[in-house]
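Per chain, numbering begins at 1; letters A, B, ... match sequence-line order. Heavy-atom basis, side chains included; hydrogens, waters and symmetry copies ignored. Bear in mind the structure is a predicted one, so any value in this text is a computation, not a measurement.
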There are 2 protein chains.
Amino acid sequence: MAAASIRDVAQHAGVSVGTVSNVLNRPGEVSAESMQRVHRAIEDLGYVRNDAARKLRAGTSSTVGFVVLDGQNPFFGDVVRGAEDEASSHGIAVLYGNTDEDVARERLYLDLFEEQQVRGVLISPYSDINPRLERLRSRGIPAVLVDRFSGDGRFSSVSVDSVVGGRMAVEHLIETGRRRIAFAGGPFEIRQVTDRLAGARVAAENSTEPVDIEVVATAALTVAEGAAAGARIISRPRREWPDAIFAANDLLALGLLQALIVDGRMLVPEDIALIGFDDIAFASAAAVPLSSMRQPSGMIGRTALRILLEETSDPSLIPRQTVFLPQLVVRRSTAAKGTSGET
Amino acid sequence: MAAASIRDVAQHAGVSVGTVSNVLNRPGEVSAESMQRVHRAIEDLGYVRNDAARKLRAGTSSTVGFVVLDGQNPFFGDVVRGAEDEASSHGIAVLYGNTDEDVARERLYLDLFEEQQVRGVLISPYSDINPRLERLRSRGIPAVLVDRFSGDGRFSSVSVDSVVGGRMAVEHLIETGRRRIAFAGGPFEIRQVTDRLAGARVAAENSTEPVDIEVVATAALTVAEGAAAGARIISRPRREWPDAIFAANDLLALGLLQALIVDGRMLVPEDIALIGFDDIAFASAAAVPLSSMRQPSGMIGRTALRILLEETSDPSLIPRQTVFLPQLVVRRSTAAKGTSGET
DNA sequence: AATCGAACCTGAATCGATTCACTTCAGATT
DNA sequence: AATCTGAAGTGAATCGATTCAGGTTCGATT
């Protein structure tokens, strides 16, 4: 009952192993009759290619690895999905690992992918792993950074301009009459967080009126952390309440929203405006529909995978940075004070 | 700059390949000195094990495959996460594929996993793939069904009792005074959908008062389909409106909720109660916090992976069915008519 | 009839880690 | 001194798909 090998198939079909291999990989160079007999034998024996042997010989495989920062975040779910769609149309599978903002796991998955000799790696990096990626490249495994601009241009990247996004978000808050703005986000090791904050500050500085940006640090970009941050803000004396919050992503924003609603003293958007980042599917279904900076998530995944495949087939390509611009999606949570706004 | 092989390491360390292999796999049988020299050589050359060669020889790998029904659904995200956590503590990686309720992709991923000779397969099946799984098993690759009871007991499974869940949900609706209940769900190829409906019918039949269960079929279990179903319900003459909806999962429920709120003629929960299934993180953050049947999602993943590993190490184990009971989580969306209820 | 070329096929060599029958050798035992 | 023991180490054989230099066949051309 041991699995049939290509040799068994060859014997059963009465041809050589080379011919069987040709049937599988170069159907053009095989006579119709051999073709048929080999297929027949494959059917009879229930033969399935042994990927390990193929990989050993070929030195490369048809999977790519994707190291994701936060698998729980629907935003990354959408990115992965985009990459997967693109991959499957090339007959490639996506091996996927979740780092959860943990340096050890990040390394673990990169090691694993290297041992597996994946075709290439997509990664939304948490720590600074350029040296690690250089090494992968020297072994013929290219990498593309996802959702993160490659500042030094050593790798291709597909990202959204978080600085611009942060600026647009806060400009929008200022336009709708907010002046005391809290930025909720963290940890600051995550580049997107610092970029979005930087953009927020630019907007504040460019404003003709004085605008305060205050930082409310969170330990992670999750709903629970958002709720905790909300509780901290509420517990202050009333005169220290901000009149708007820009959350570093939608999960945080939804947690904040939940905390504010449960408490009930600050109304969204009447007393306090709230805007998130990512525009995940649940933002529009929130208690107060959430304004957000939309990222073209599926497109990011597709594009990253396409670039990766190009680089695998031509390693001499120069790294290129693809940057999308986020798009402001206005919903009720940032309606001007005292109005009910659009739903 | 070709990657170093075990032979290069052996040469560099001045020992044989067998010794290097022993250092890697049986550290006890090697002298301290060889040990050190080999490690030194590995360091110097940047040697990384070639997984393909190892797998070819060993006939098995240290990855498991997980075929997921709907990667976009946070519920499955949580399940995968649970499995991944458990796996990583055993030094095992999870290769993950999304079928999106598509028979072809389901088959594609199973083929891929078979070629890759994964250690085992976790699958939340869409179509009837028992024969396919039998074949995998005959090749030494066990499978565990996730979120689906194995009716014939031929495979181990980890699931939640959807019939009981459906019953509990509808009993709750009846208790809060609802009598004209719509069940929103589909396609009916998905076992969970039919089970939840069956449970709903049991609750209706057991009720002392006459209770109507009406079926509103959807094409998929998504937010968009939920919104569409909502629109269809609203468009009816007012006297044919149900006074409660039991949605087959939370995504549907959130879509329904969105449609009802935008329309504004039916208030939740005053005119119509709404309950979902899964209790995903966003249910509590919804416009009207959503009642739901909670599934222990992370636990399902962990348990499935643990059982799978047990079966890989002892293939003679008899399949066992693990069933969790869902838990009713009451929020505002099912408050009794005319009350405001708990938040 | 001889020659040629295209189409098709063959089978040994190869990839790199693991395994295991076999060797080596220092020290213990007789 | 001869023999034995066990720890440590060796290296050829193995896994299965792919590749490619070389073979065979056969109809077309001269």
Side-chain angles (χ1 to χ4, degrees), chain A residues 1-39 41-42 45-63 91 111-112 114-119 139-141, chain B residues 2-39 41-42 45-63 111-112 114-118 139-140:
Chain A
M1 189 49 78
S5 79
I6 197 173
R7 240 165 292 271
D8 302 322
V9 173
Q11 193 176 4
H12 195 89
V15 299
S16 73
V17 293
T19 300
V20 176
S21 178
N22 282 338
V23 168
L24 261 30
N25 303 303
R26 277 176 293 263
E29 303 186 6
V30 148
S31 72
E33 203 210 314
S34 303
M35 190 89 176
Q36 202 184 16
R37 285 170 53 191
V38 168
H39 275 133
I42 287 177
L45 300 174
Y47 167 75
V48 172
R49 247 208 200 90
N50 180 324
D51 186 63
R54 164 195 264 258
K55 203 146 85 177
L56 174 59
R57 186 68 236 260
T60 182
S61 74
S62 63
T63 51
D111 285 349
L112 191 90
E114 186 173 353
E115 287 187 14
Q116 298 239 352
Q117 297 174 277
V118 295
R119 186 84 73 84
R139 280 193 161 51
I141 303 178
Chain B
S5 79
I6 196 173
R7 238 165 294 271
D8 302 322
V9 173
Q11 194 177 1
H12 195 88
V15 299
S16 73
V17 292
T19 300
V20 177
S21 179
N22 282 337
V23 168
L24 262 28
N25 303 303
R26 278 176 292 262
E29 302 187 6
V30 148
S31 71
E33 202 212 315
S34 303
M35 190 89 175
Q36 201 185 16
R37 284 169 53 190
V38 168
H39 276 132
I42 287 177
L45 300 174
Y47 167 74
V48 172
R49 249 208 199 90
N50 180 325
D51 187 61
R54 164 196 265 260
K55 202 146 86 177
L56 174 59
R57 187 69 235 261
T60 183
S61 75
S62 63
T63 50
D111 284 349
L112 192 89
E114 186 172 354
E115 287 187 14
Q116 299 238 351
Q117 297 173 277
V118 295
R139 279 193 162 52

Would you confirm whether A/Arg49, through its side chain, and B/Glu115, through its main-chain N or O, come within 3.5 Å as a donor-acceptor pair? no
For nucleotides 15-20 of chain C, 5' to 3', base contacts (B), sugar-phosphate-only contacts (S) and non-contacts (-) with protein non-hydrogen atoms under 4.0 Å give BBBBB-
A/Arg37 side chain vs A/Ala13 backbone, donor-acceptor pair below 3.5 Å: yes
Please give, in whole Å, the distance from D/dT24 P to A/Glu29 CD? 20 Å
So, is A/Ser16 near the phosphate of C/dT10, with a side-chain N or O under 4.0 Å from OP1 or OP2? yes
Are a donor atom and an acceptor atom from the side chains of A/Gln117 and B/Asn50 found within less than 3.5 Å of each other? yes
Sorted by chain and residue number, the salt bridge (charged side-chain N to carboxylate O under 4.0 Å, His left out) partners of B/Glu114 (sequence neighbours excluded) come out as B/Arg132, B/Arg135, B/Arg139
Establish, with yes or no, whether the OP1 or OP2 oxygen of D/dT10 is under 4.0 angstrom from a side-chain nitrogen or oxygen of B/Thr19. yes
Quantified as the angle between the terminal helix axes (five pairs each), what is the overall bend of the helix from C/dA1-D/dT30 to C/dT30-D/dA1 to 10 degrees? 60°
Distance in Å, B/Asp111 CG paired with B/Gln116 CD, rounded so as to fall on 0.5 Å steps: 11.5 Å
Compare side-chain N and O positions of A/Ser31 against OP1 and OP2 of C/dA7 and report whether any pair is under 4.0 Å apart. no
Checking side chain to side chain contact (heavy atoms under 4.5 Å, CB included) between B/Val30 and each of B/Asn22, B/Asn25, B/Val15, which is the one that passes? B/Asn22
Determine whether A/Tyr47 and A/Val38 make a side-chain contact, defined as any pair of heavy atoms from C-beta on separated by less than 4.5 Å. no
Whether B/Lys55 side chain and A/Leu56 backbone form a donor-acceptor pair below 3.5 Å: no
